[in-house]
Amino acid sequence: MLKRALLAALIAGLPSGASAQWIFKAEESAFGSSGNIVAFGANSFVALAFRCDNDEISAIFITPEEVDTKTAETFSVLNPKLLLRVDSEEIVELTSYPEARDGKLVVIAYVERPFLESVKESKKRVSVALKVGDKLFHEGAIPAAGSTKALTSFLDACSVGKEATAQ
């Protein structure tokens with residue numbers, strides 16, 4: 001239910017291409033967990049969110065592709081990779097987990113805090129795509145506008161990996 005609410009909030013908050021930006025949102029937990037800590041950016045076609053849980057940070061790639069659960073499960077069998085790239089830095093290739101949420105293809109992967117530091121410092125864009133075999137799907141670039149502010153707030157609020165980067 002929480003993931004469905006997150007997806008609905010992300011889709012509702014998608015800016016148009018002309019005003020693409022990064023947004024930060026945090027809500028305290030009534031039950032003592034880390035709460036909802038999210039930073040997300042979008043263009044007219046795709047969205048990329050980072051979510052902090054108690055022990056991990058996930059990247060959530062929301063595509064425009066309409067799929068059902070069976071199609072998403074088929075994608076999983078094909079061992080898809082989520083590709084992320086900040087400006088002209090090296091491409092980060094992550095094991096991903098496709099799902100069908102509200103009829104859209106959503107891809108989840110787990111990222112480390114240092115990658116988010118590079119997103120925070122991005123100057124032009126954060127590029128994202130889904131790779132299946134040798135083919136790319138849903139390639140998009142999210143402008144860096146607002147990423148420094150959103151990711152600074154996100155990293156301040158998210159305790160995952162803080163100890164490792166403080167050393």
Side-chain angles (χ1 to χ4, degrees), residues 1-66 72 82-87 89 92 94 96-130 138-166:
M1 185 68 177
L2 176 60
K3 290 181 181 180
R4 191 174 296 269
L6 173 63
L7 177 61
L10 289 174
I11 291 172
L14 292 179
S16 69
S19 65
Q21 62 181 341
W22 286 83
I23 298 169
F24 167 75
K25 181 148 177 73
E27 295 177 353
E28 288 186 30
S29 170
F31 303 103
S33 74
S34 63
N36 291 318
I37 303 169
V38 178
F40 70 95
N43 66 22
S44 298
F45 305 104
V46 298
L48 178 64
F50 298 107
R51 180 167 186 242
C52 180
D53 283 323
N54 290 324
D55 57 352
E56 62 195 12
I57 300 170
S58 54
I60 305 166
F61 179 37
I62 303 169
T63 75
E65 183 172 346
E66 294 183 14
L82 181 64
L83 303 181
L84 298 169
R85 185 177 206 176
V86 176
D87 296 329
E89 293 180 19
V92 176
L94 303 167
S96 66
Y97 307 93
E99 297 181 7
R101 293 199 191 157
D102 294 331
K104 299 289 184 193
L105 177 63
V106 175
V107 181
I108 301 168
Y110 298 97
V111 296
E112 300 294 327
R113 190 177 189 92
F115 177 76
L116 297 178
E117 294 284 351
S118 67
V119 172
K120 179 178 88 171
E121 300 300 323
S122 65
K123 302 294 182 219
K124 295 181 181 178
R125 69 188 157 276
V126 178
S127 300
V128 60
L130 181 62
H138 306 298
E139 183 174 355
I142 299 163
S147 64
T148 300
K149 182 178 179 183
L151 270 292
T152 296
S153 297
F154 180 89
L155 291 166
D156 287 347
C158 180
S159 63
V160 175
K162 256 188 186 175
E163 321 75 49
T165 57

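When the options V128, I60, I108 are evaluated for a side chain to side chain contact (heavy atoms under 4.5 Å, CB included) with L82, the one that passes is V128. Considering L151, V86, L155 as possible partners of E117, the one that fulfils the side chain to side chain contact (heavy atoms under 4.5 Å, CB included) test is L155.
Nearest heavy-atom pair, G140 versus V46, reported as atom, atom and distance to 0.1 Å: CA-CG2, 4.1 Å. For N43 against A141, the heavy-atom pair with the smallest separation is ND2-O, 3.0 Å. When all heavy atoms are compared, the tightest approach of W22 to A150 is CB-CB, 3.8 Å. In this structure, A42 and P143 approach most closely via the heavy-atom pair O-CD, 4.3 Å. Residues A157 and F24 come closest through the heavy atom pair CB-CZ, 4.1 Å.
Heavy atoms of other residues, nucleotides or ligands lying less than 6.0 angstrom from CD of E112 number 12 at most. Applying the 6.0 Å contact sphere to CD of E139 captures no more than 12 heavy atoms from other residues, nucleotides or ligands. Counted within 6.0 Å of CZ on F45, heavy atoms from surrounding residues, nucleotides or ligands total 12 or fewer; the atom is thus considered open.
Ring planes of Y110 and Y97: tilted class, angle from 30 to 60°.
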Query - Audit row: N36, R51, side-chain contact (heavy atoms from CB on, under 4.5 Å) steps and yes/no - result: CA-CA 7 Å; N36 291 318; R51 180 167 186 242; 3.4 Å; yes
Query raised in the report: Given the rule in the side-chain contact (heavy atoms from CB on, under 4.5 Å) test, do K104 and E66 qualify, once you have shown the distances and angles that lead to the verdict?
Result: CA-CA 5 Å; K104 299 289 184 193; E66 294 183 14; 3.6 Å; yes
Query raised in the report: So F40 and I142, side-chain contact (heavy atoms from CB on, under 4.5 Å) or not? Walk me through it.
Result: CA-CA 10 Å; F40 70 95; I142 299 163; over 6 Å; no
Report task. Start with the C-alpha gap between V111 and V92, add the side-chain angles, then the distance that decides, and say whether side-chain contact (heavy atoms from CB on, under 4.5 Å) holds. Result -> CA-CA 10 Å; V111 296; V92 176; over 6 Å; no
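For the pair T63/L130, no side-chain contact is recorded, criterion being any heavy-atom separation below 4.5 Å from C-beta on.
Judged by distance alone, the side chain of D87 and the main-chain N or O of R125 form a donor-acceptor pair under 3.5 Å. At distances below 3.5 Å, at least one donor-acceptor pair connects side-chain atoms of R113 with backbone N or O atoms of C158.
Expressed to the nearest 0.5 Å, how far CZ of F154 lies from CD1 of I57 amounts to 5.0 Å.
Within the structure, side chain to side chain donor-acceptor pair (under 3.5 Å) contacts touching residues 141-157 (residues at least two apart or in different chains) are S122-S147.
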